[in-house]
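To keep things clear, I will list the structure first and then write my remarks on it.
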Amino acid sequence: MTNLLHSKTLIRDIAIGASTALLFSLFLYLEHLGITLKLLNTLTALIALYALLHMPKKAILSAGFFIGLLWFYWIGYSFEYTDAGYITPLITLGFAVIYMLFFGTLALTNEPYLRALILFGLTFFEPMDFNWMQPELLFVESYIGIFKWQFALVLGALALPRYIHNRFKFTPLLLTLFAFNTGYHHPLSPSLKVKLVETHVLQEQKWL
């Protein structure tokens, strides 16, 4: 009976993690298909972040694994052109494990406000002067801004409901309204005059 309950819990955690990863990554695949739905992107990003702050610890590991898989599966493809294509699956698996550990830092605590602080701190994590995983990118094509203060406000709004035990439990979510990107507009195409220049110079002319 104990083993059965353990198996059910494991399956549940994997399902929660995989579902969260899909919501976390949906905007990438929609953009790849040429589909921009700001309302959907906003809602899926908020739900995914809320889940990361409140889900069971083991589910976070599952979510991190699948996020790494969905975001960085393509990196190993370059080895297809170096006669080392056989390691492509290993590279893909490696990045999945790396981001399982990356998000796994959230599993160090059950407190949503601490997870929010950790997740915000991870936005500054650049081990090699860059980091492809910037969680605020979820809001690039949404109604919420991508500045650090806006992301911090969103995380705070998503973490606070755990600590309110009355009918106003979800009132903090209204804080996300202050993170809305009200000033967004598409940049105008610049008026440029383009001239093609011949860059091939004969060696004889170079010597001169």
Exercise. After noting the C-alpha distance and the side-chain angles of Trp74 and Ile91, does the key distance pass the side chain to side chain contact (heavy atoms under 4.5 Å, CB included) rule?
Worked result: CA-CA 9 Å; Trp74 52 271; Ile91 298 298; over 6 Å; no

For this session: Kindly give the heavy-atom pair with the smallest separation between Pro56 and Arg12, and that separation in Å.
Result: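 That would be CG-NH2, 3.7 Å.
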
Exercise. For Gly145 and Phe139, which heavy atoms make the closest approach, and how far apart are they?
Worked result: O-CB, 3.9 Å

Does [X] share a hydrophobic cluster with [Y], counting links as ILVMFWY side-chain heavy atoms below 4.5 Å and allowing steps through other members?
X: Leu155; Y: Ile146; result: yes
X: Leu39; Y: Phe27; result: yes
X: Leu40; Y: Val154; result: no
X: Leu30; Y: Tyr73; result: no

Exercise. Going by heavy atoms in the side chains, are Leu160 and Leu175 under 4.5 Å from each other?
Worked result: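 A side-chain contact under 4.5 Å exists here.
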
Problem set entry | Audit row: Met133, Phe125, side chain to side chain contact (heavy atoms under 4.5 Å, CB included) steps and yes/no | CA-CA 9 Å; Met133 174 55 69; Phe125 182 66; over 6 Å; no

Problem set entry | Straight-line distance of Glu136 CD to Thr123 OG1, nearest 0.5 Å |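 It comes to 5.0 Å.
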
Count the heavy atoms belonging to other residues, nucleotides or ligands that lie under 6.0 Å from [atom1] of [X], then report whether that count exceeds 12.
X: Tyr29; atom1: OH; result: yes
X: Tyr86; atom1: OH; result: no
X: Phe147; atom1: CZ; result: no

Problem set entry | Worked verdict on Leu49 versus Phe151 for side chain to side chain contact (heavy atoms under 4.5 Å, CB included) | CA-CA 10 Å; Leu49 291 174; Phe151 189 63; 3.8 Å; yes

Exercise. Do Trp71 and Phe95 have their ring centres less than 6.0 Å from each other?
Worked result: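 Between Phe95 and Trp71, which both carry aromatic rings, the centre distance is not below 6.0 Å.
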
For this session: Verify side chain to side chain contact (heavy atoms under 4.5 Å, CB included) between Phe24 and Leu52, making sure each step is shown before the conclusion.
Result: CA-CA 10 Å; Phe24 196 93; Leu52 285 173; 3.9 Å; yes

